Amino acid sequence: MVSPRPLSKKTIRKLYGFLSIIFIIKEQRMNTPICDFVRTYQQKHTLRLHMPGHKGRSFLCAEPWDLTEIAGADELYHARGIIRKSEENAAQLFGAGKTVYSTEGSSLCIRAMIYLALLWGKENGRKPLILAGRNAHKAFLSAAALLDFDVAWLYPEQENHLISCPISAAYLENALKKMPDLPVAVYITSPDYLGHIADVSAFSAVCRKHHVLLLVDNAHGAYLKFLPTDRHPMTLGADLCCDSAHKTLPVLTGGAYLHIRPNAPESIVRNAEDAMALFASSSPSYLILQSLDQCNAYLANAYSEKLSRLISRISSIKKALLAYGWKQEGEEPLKLTIMPKAFGYTGDALHQLLRENNMECEFSDPDFLTIMFTLELKDEDMNRLESVLLAIPRKQPISVPMPPLPHPQQAISIREAALSPRREISVKEALGSILAEAHVSCPPCIPIIACGERIDEAALKCFQYYGIDTCRIVKE
């Protein structure tokens, strides 16, 4: 076997274009130890007698930078070298006491932070119980199936829909006071898919008062730290939170952070990497690690100022759309959530119109269309979106309402249901049955009904509304 031939200048330019976010940029104010290591390794043309099997030879152009945990590359979830240094950079940027990288998205971080909360609870004599907003992502339910904890659901303070769970601090406090046993943690999703942001500061005060941890699924809100007024959960008092860097920052899909607050309980800090390793692959993507590493330099390089200008432009688009008659929901600055029924369209129909104009949105269902913005969109992109939306003709309003939010009965535990024999049936025959699959969700992975719950009339109406024809139920 011979060493790979040196790459041509043309090939190197292509690689830089394909992975532009993982290379050193001019005027950066933060080091990038992971990227530095990989670049040096690649330039040495080392004979790669290790995984991955492509041996650094180019198939998709990214392979020369795709490594495994070789000598000097450190070890994710046992980080002592360059990964540790990069994570410390991220913790500094986000105001965390400790930050751990994930190459498997926020889903991994959600399971890890729940595991850490349960460990803390056991040390403090608490039952394995978590009080959670009903709009929790399906990763929360899979964590319940794996870790076998009980869930008390927080439903919206007023009648609402599946995707959001707006509550006040007073409502949360009252819910905690009514519980016969204090939970180990309160778990909320903020921002949610529609762009609502919870009052994390007020929630954290309530949780501290009751000696309960506050866990925040902040998957959509990594950028909140860099707003003119910092709105990140670490700043506002959350004990643990996850950020999906890939959702709102220029990071490869799968890049995420688990953040732990400064002065967190020692056991949470000590066990953080073990918690991630418990659920994670032993072969993390080194491309994603480099992407996270490079993002630190990106964020340190006047990101806040650029973000402020982008938000101003998005605000002007929202105002123009409101004046035209497009109703909107949510206050998150990097999301535009349109409620198009009043304009004569379902969210799905409006999404199809945008697809016909070569635009693909984040999410749509019968009631909503959600668009996500970042700095990587150009001015002409923003102008094109605005002009298309302002050219769509108004039609007769659609009066079909959303079905009421189900409040199903928990028949057996989430874990018992997830591990039970099951059979698939038509939802028309499912009334009274116990759901066996981890979730049956409306489009953005939010449960209409969770496994272990009994399917009632309200759930059936939601199934029909969201086009769900079959489900898997527990064999009885």
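Note that the coordinates shown come from a computational prediction; the quantities given were computed from them, not determined experimentally. Heavy atoms only: backbone and side chains are in, while hydrogens, waters and symmetry mates are out.
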Contacts of type side-chain hydrogen bond (donor to acceptor under 3.5 Å, both in side chains), residue Asp66, not counting sequence neighbours:
His54

Under the 3.5 angstrom rule, does the side chain of Asp217 hit a backbone N or O of Ala219 as a donor-acceptor pair?
yes

Under a plain distance cut-off of 3.5 Å, with no hydrogens placed, do Tyr101 and Ser86 share a side-chain donor-acceptor pair?
yes

Pairing donors with acceptors under 3.5 angstrom, does anything connect the side chains of Ser267 and Glu123?
yes

Which residues share a side chain to side chain contact (heavy atoms under 4.5 Å, CB included) with Asp74, sequence neighbours left out:
Ala79, Arg80, Ile82, Ile83, Arg84

Working for side chain to side chain contact (heavy atoms under 4.5 Å, CB included), residues Phe37 and Thr32:
CA-CA 9 Å; Phe37 173 84; Thr32 52; over 6 Å; no

In terms of ring plane angle, is the pair Tyr115 and Phe279 parallel, tilted or perpendicular, where the classes change at 30° and 60°?
perpendicular

Is a donor from one side chain sitting under 3.5 angstrom from an acceptor on the other, for Glu69 and Tyr286?
no

In Å, rounded to the nearest 0.5 Å, how long is the span from CG of Asp348 to CG of Leu350?
9.5 Å

Is there a donor in the side chain of His232 and an acceptor in the side chain of Asp243, or the other way round, less than 3.5 Å apart?
yes

For Arg111 and Leu146, the nearest pair of non-hydrogen atoms, with its separation, is CD-CD1, 4.1 Å

Side chain to side chain contact (heavy atoms under 4.5 Å, CB included) between Ile338 and Thr370, intermediate numbers included
CA-CA 7 Å; Ile338 298 174; Thr370 296; over 6 Å; no

Side-chain contact, heavy-atom cut-off 4.5 Å: Tyr187 with Leu213?
no

Any side-chain donor-acceptor pair under 3.5 Å between Ser244 and Ser106?
yes

Charged N to carboxylate O below 4.0 Å: is that the case for Glu63 and Arg57?
no

Does the side chain of Lys306 reach to within under 4.5 Å of the side chain of Arg309, using non-hydrogen atoms?
yes

Sidechain N-carboxylate O distance under 4.0 Å for Asp381, Lys378
no

I'd like to know if the side chain of Trp65 reaches the main chain of Val38, judged simply by a donor and an acceptor atom lying under 3.5 Å from each other, with no hydrogens or angles considered.
no

Test item: side-chain donor near acceptor, Ser316 and Arg313, under 3.5 Å:
yes

How far apart are the closest heavy atoms of Cys165 and Asp192, and which atoms are they?
N-OD2, 4.4 Å

Run the side-chain hydrogen bond (donor to acceptor under 3.5 Å, both in side chains) check on Glu362 and Tyr193 step by step: do they pass?
CA-CA 9 Å; Glu362 170 63 24; Tyr193 239 98; 2.8 Å; yes

Regarding Asn89 and Asn31, do their side chains bring together a donor and an acceptor under 3.5 Å, going by distance alone?
yes

Once you round to the nearest 0.5 Å, how far does OH of Tyr41 lie from CG of Leu67?
6.0 Å

Using the ring centroid of each side chain, check whether Tyr303 and Tyr298 are separated by less than 6.0 Å.
yes

Leu119 versus Asn271: any side-chain heavy-atom pair under 4.5 Å?
yes

For Ile197, is there any backbone N or O sitting under 3.5 Å from a side-chain donor or acceptor partner on Glu331?
yes

Please report the shortest heavy-atom distance between Thr248 and Thr374, naming the atom on each side.
O-CG2, 3.7 Å

Leu369 backbone acceptor or donor facing Ser364 side chain under 3.5 Å
no

Heavy-atom donor-acceptor pair, Glu424 side chain to Cys471 backbone, under 3.5 Å
no

Return the CG to NZ distance between Leu258 and Lys98, rounded to the nearest 0.5 Å.
9.5 Å

Checking side chain to side chain contact (heavy atoms under 4.5 Å, CB included) for the pair Tyr466/Asp365: CA distance, chi angles, key distance, verdict?
CA-CA 8 Å; Tyr466 290 107; Asp365 72 3; 3.8 Å; yes

Looking at Ser315 and Ile311, would you say the former's side chain and the latter's main chain have a donor-acceptor pair under 3.5 Å?
no

Distance alone, cut at 3.5 Å: any donor-acceptor contact between the side chains of His259 and Thr99?
yes

Please check if atom NZ in Lys122 has more than 12 non-hydrogen atoms from other residues, nucleotides or ligands closer than 6.0 Å.
no

To the nearest 0.5 Å, tell me how far Met30 CE sits from Leu93 CG.
4.0 Å

What's the separation between atom CD1 in Ile371 and atom SG in Cys361, rounded to the nearest 0.5 Å?
4.0 Å

Pair His220-Lys335, side-chain hydrogen bond (donor to acceptor under 3.5 Å, both in side chains): steps then yes or no:
CA-CA 10 Å; His220 284 248; Lys335 271 200 184 87; 2.9 Å; yes

Is there a side-chain contact between Pro233 and Leu236, using heavy atoms and a 4.5 Å cut-off?
no

Passes side chain to side chain contact (heavy atoms under 4.5 Å, CB included), Ile446 versus Phe140? Steps please.
CA-CA 10 Å; Ile446 296 167; Phe140 177 84; over 6 Å; no

Is a donor on one side and an acceptor on the other found under 3.5 Å between the side chain of Ser308 and the backbone of Glu305?
no

Keeping Asn357 on the side-chain end and Met359 on the backbone end, is there a donor-acceptor pair under 3.5 Å?
no

So how far is it from Leu172 CG to Asp199 CG, rounded to the nearest 0.5 Å?
10.5 Å

Give a yes-or-no answer on whether the side chains of Ser164 and Asn135 include a donor-acceptor pair shorter than 3.5 Å.
no

Provide the closest heavy-atom pair for Ala202 versus Ala169 in the form atom of the first, atom of the second, distance.
CB-CB, 3.6 Å

When you compare the side chain of Pro340 with that of Trp326, does any pair of heavy atoms fall below 4.5 Å?
yes

Considering only heavy atoms from C-beta outward, does the side chain of Tyr77 approach that of Ser102 to under 4.5 Å?
yes

Using side-chain heavy atoms (C-beta onward) and a distance below 4.5 Å, is Ile114 in contact with Phe149?
yes

Would you name the heavy atoms of Glu87 and Val100 that are closest together and state the gap between them?
OE2-CA, 3.6 Å

For the pair Ser413 (side chain) and Glu416 (backbone), establish whether a donor and an acceptor sit closer than 3.5 Å, ignoring hydrogens and angles.
yes

Sequence neighbours excluded, every pair satisfying salt bridge (Lys or Arg N to Asp or Glu O under 4.0 Å) that has a member inside residues 228-242:
Lys225-Asp230, Asp239-Arg261

Side chains of Pro333 and Leu227 in contact at under 4.5 Å (non-hydrogen atoms):
yes

Shortest non-hydrogen pair, Ile288 vs Gly254, comes out as CG2-C, 4.0 Å

Closer than 3.5 angstrom, by distance alone: can the side chain of Gln328 be matched with the main-chain N or O of Lys318 as a donor-acceptor pair?
yes

